[in-house]
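For reference, the structure is listed below as structure tokens.
Letters go in sequence order (proteins before strands), and every chain restarts at 1. The structure presented is a predicted model; accordingly, all values stated were derived computationally and were not measured.
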Amino acid sequence: MPAVAPTLPDDLREDPRYYLRHFQFVLDWVAAHHDSLLAESEWKFIVGFGELPEVSQALLVRMVSRKGELFRLSRLDYAEIGDSDRALVPLVEAGMVIRDPLIGLDELFAQLRVPELRQCFAERLAAHGIAKSATRQRLLDVIQEYEEAGDAEPQRRRLSHWWTETTDQLVQLTVMPVCDRLRLMFFGNLHQTWSDFVLAELGLVRYQQVDLGELSHAFQCRGDVDLYLALHDLRGRLDEGESIEALLTEIPPPAQDNPWLAERRARLLYRLGQQAQRDGDIPLALHCYGLAGPGEARIRRLRLLERQGEYAEAHRLALEAQASPCGEAEQQGLERLLPRLARKLELPRPELPPTRQPRARVLELPADHLVICGSVELAVRDAISHSDRPAWYVENGLITGLFGLLCWEVVFAPLPGAFFHPFQHGPADLRRDDFVARRRRLFDTALARLDDGSYRDVILDHRQRCAGLANPFVHWELLEPELLSLALDCIPAMDLRCMFQRLLLDPAVNRSGLPDLVQFLPGERPSYRLIEVKAPGDRLQDNQRRWLDWLGRHHISVEVWHVEWRHD
DNA sequence: AGTGAACAAG
DNA sequence: TTCACACTATCAA
DNA sequence: GATAGTGTGTCTCTTGTTCACTCC
Ligand SMILES: [Mn+2]
Ligand SMILES: [Mn+2]
């Protein structure tokens with residue numbers, strides 16, 4: 001295995017082909033770290049790319065970075081490349097680009113401008129007597145009618161055949177799949193793109209740098225990369241509206257030893273089930289939910305069974321689920337389902353843990369405050385906020401932010417598999433259920449700062465040193481110094497510990513559902529309160545109820561305020 | 001001619 | 001290439 | 001009260017260009 005770490009040149013801001021250096025860096029990185037995961041075709045691409053003239057490399061990367069696979073030559077105009085037609089020649093020879101590819105009518109309509117489409121289809125549009133102001137969609141409808149009139153199969157033709165008078169050329173990239181695969185192997189996901197490099201270089205997004213172990217990789221085997229790509233493809237086709245049955249037959253088998261990919265697969269199955277339910281195909285939806293396994297899908301499945309009148313089966317499965325619980329949200333769903341099912345089956349009402357009602361009150365406000373303040377939360381904040389009792393609209397940002405600042409080093413601890421490239425917002429295993437367990441001692445140490453009073457300095461110190469760096473728990477724009485120091489002055493360490501402990505129970509899920517407002521009450525007891533604002537017609541969401549329940553049980557001052565608008 | 005969405009690019 | 005929250009409609013007890 | 005579905009602002013930043021669409 002090559003031991004040389006790929007490097008990026010330092011002074012890329014002067015280099016007009018900076019994007020090519022980024023791309024080459026990824027190729028080198030993948031070749032160095034993932035050589036065993038590459039197949040013949042990827043090696044062929046990497047080697048072939050290296051043999052291209054630099055202008056051709058640059059043009060290819062420009063195309064890869066842009067949207068879609070089809071490009072008009074007239075839109076490939078780059079000062080640092082020059083004559084694109086000439087730069088294309090080696091790309092076409094290498095099979096990376098096709099000249100004048102076969103395209104369908106929809107692709108043609110996406111490539112040509114409306115005046116060009118009028119020219120292209122002048123005769124048929126004239127015969128149809130189409131209005132001059134017709135939109136592109138209208139033109140497409142008309143031409144589609146002509147195209148579909150004869151045979152059912154929609155024709156694919158070259159641009160030069162669709163529009164013989166064209167003066168432009170169309171080219172098509174063929175290497176998008178291999179480039180996506182390489183991008184995935186580098187980033188460990190497909191939502192980060194080639195432009196992440198330049199955003200980081202310009203300092204628009206700043207990342208905490210973590211010592212990457214040489215053995216830190218997103219993928220351990222090629223099968224996992226294939227699985228990720230397959231799931232991604234299926235989800236794209238789901239969004240395109242392809243039939244659920246067809247997609248379901250292509251769902252790959254579950255990953256045995258990769259919980260991360262198993263979870264992605266389950267989420268896709270859950271979405272397939274939701275779509276099937278929307279389409280009214282209940283048996284198919286039940287099937288998808290069943291395959292998706294425990295969690296949200298299990299609840300949806302039980303509710304569907306209930307709606308089908310299959311009370312006994314639903315009840316049996318609900319008890320089974322309760323025996324192997326999967327998260328508080330699922331538990332909450334079961335606690336609503338079981339009494340209903342028991343009633344239908346004329347069984348005794350099941351024992352439920354007592355639910356505590358959060359303290360609630362009604363606040364009357366002039367109706368025009370909604371417009372003046374912009375939102376109901378801000379209207380309440382402005383109504384109660386005074387200089388000696390300041391209130392802030394923080395939602396989840398304050399508590400998670402304090403947590404992120406206190407536990408900064410834990411979040412960015414260089415555990416194996418957590419960090420593998422320099423553009424990560426947070427550890428890759430943040431959503432895994434062993435995230436906390438793997439860092440238990442580190443979290444214990446960080447939270448111990450709450451006991452000896454040193455947490456205040458830790459938080460303020462991280463605020464100073466890390467300001468602006470991406471952190472999945474910290475939203476810098478909210479954490480003004482004034483808010484931070486008020487929070488540290490007014491929220492007792494014991495309360496912080498309590499709330500942080502619930503965050504640690506399920507950091508990914510419990511980051512949300514915290515109340516809208518915090519009001520600081522310096523010199524009073526308690527010295528702050530949390531307020532969830534509810535406009536008329538709004539009601540507590542499940543995650544908000546779970547947080548309120550926890551806060552109430554631990555005697556943290558929290559209230560739900562129902563606003564009523566007063567019309568004068 | 002003006003507006004706004006989409007895209008490209010650094 | 002979401003995610004978190006609000007809002008609305010409908011059904012049932 | 002429960003559930004399902006939709007809407008909204010956010011969307012890694014900011015700027016400039018192109019184009020579609022609409023209005024006059
Ligand atoms: Mn809120
Ligand atoms: Mn609220």
Flag the pair [X] and [Y] as a salt bridge only when some basic side-chain nitrogen lies within less than 4.0 angstrom of an acidic carboxylate oxygen.
{"X": "A:E328", "Y": "A:R502", "value": "yes"}
{"X": "A:R546", "Y": "A:D542", "value": "no"}
{"X": "A:K534", "Y": "A:E532", "value": "yes"}
{"X": "A:R271", "Y": "A:D239", "value": "yes"}

message = With ring-ring contact (aromatic ring centres under 6.0 Å, His included) as the criterion, how do A:F186 and A:F197 come out once you've worked through the C-alpha distance, each side chain's angles and the decisive distance to 0.1 Å?
response = CA-CA 12 Å; A:F186 179 77; A:F197 279 87; 5.8 Å; yes

Please measure how far the [atom1] atom in [N] lies from the corresponding atom in [M], and state the result in whole Å.
{"N": "D:dT3", "M": "C:dA12", "atom1": "P", "result": "14 Å"}
{"N": "B:dA9", "M": "D:dT10", "atom1": "C1'", "result": "22 Å"}
{"N": "C:dT2", "M": "D:dT6", "atom1": "P", "result": "16 Å"}
{"N": "D:dC11", "M": "B:dA5", "atom1": "C1'", "result": "15 Å"}
{"N": "D:dG9", "M": "B:dG4", "atom1": "P", "result": "15 Å"}
{"N": "B:dT3", "M": "C:dC5", "atom1": "C1'", "result": "30 Å"}

Does [X] have a side-chain nitrogen or oxygen under 4.0 Å from the phosphate oxygens OP1 or OP2 of [N]?
{"X": "A:Q544", "N": "C:dA6", "answer": "yes"}
{"X": "A:N396", "N": "C:dC3", "answer": "no"}
{"X": "A:R539", "N": "C:dC5", "answer": "no"}
{"X": "A:Q541", "N": "C:dA6", "answer": "yes"}
{"X": "A:N543", "N": "C:dA4", "answer": "no"}
{"X": "A:K534", "N": "C:dC5", "answer": "no"}

note = Under a 4.0 Å heavy-atom criterion, DNA chain D is touched by chain A from D:dG1 to D:dC21

Any base atoms under 4.0 Å from [X], or only sugar-phosphate, or nothing? Heavy atoms, all strands.
{"X": "A:Y78", "value": "sugar-phosphate"}
{"X": "A:R206", "value": "nothing"}
{"X": "A:R545", "value": "sugar-phosphate"}
{"X": "A:A535", "value": "sugar-phosphate"}

remark   = Checking B:dA8, C:dT2, C:dC3 against the side chain of A:R235 (C-beta onward), the nearest is C:dT2

note = Applying the 3.5 Å cut-off to both distances, the Watson-Crick or G-U partner of C:dT2 turns out to be none

key: Watson-Crick/G-U partner (both atom distances under 3.5 Å) of D:dT10   = none

inquiry  = Under 3.5 Å, is there a donor on one side chain and an acceptor on the other for A:E480 and A:W392?
reply    = no

inquiry  = Tell me which residues in residues 135-142 of chain A lie within less than 4.0 Å of DNA chain D, going by non-hydrogen atoms.
reply    = A:T135, A:R136

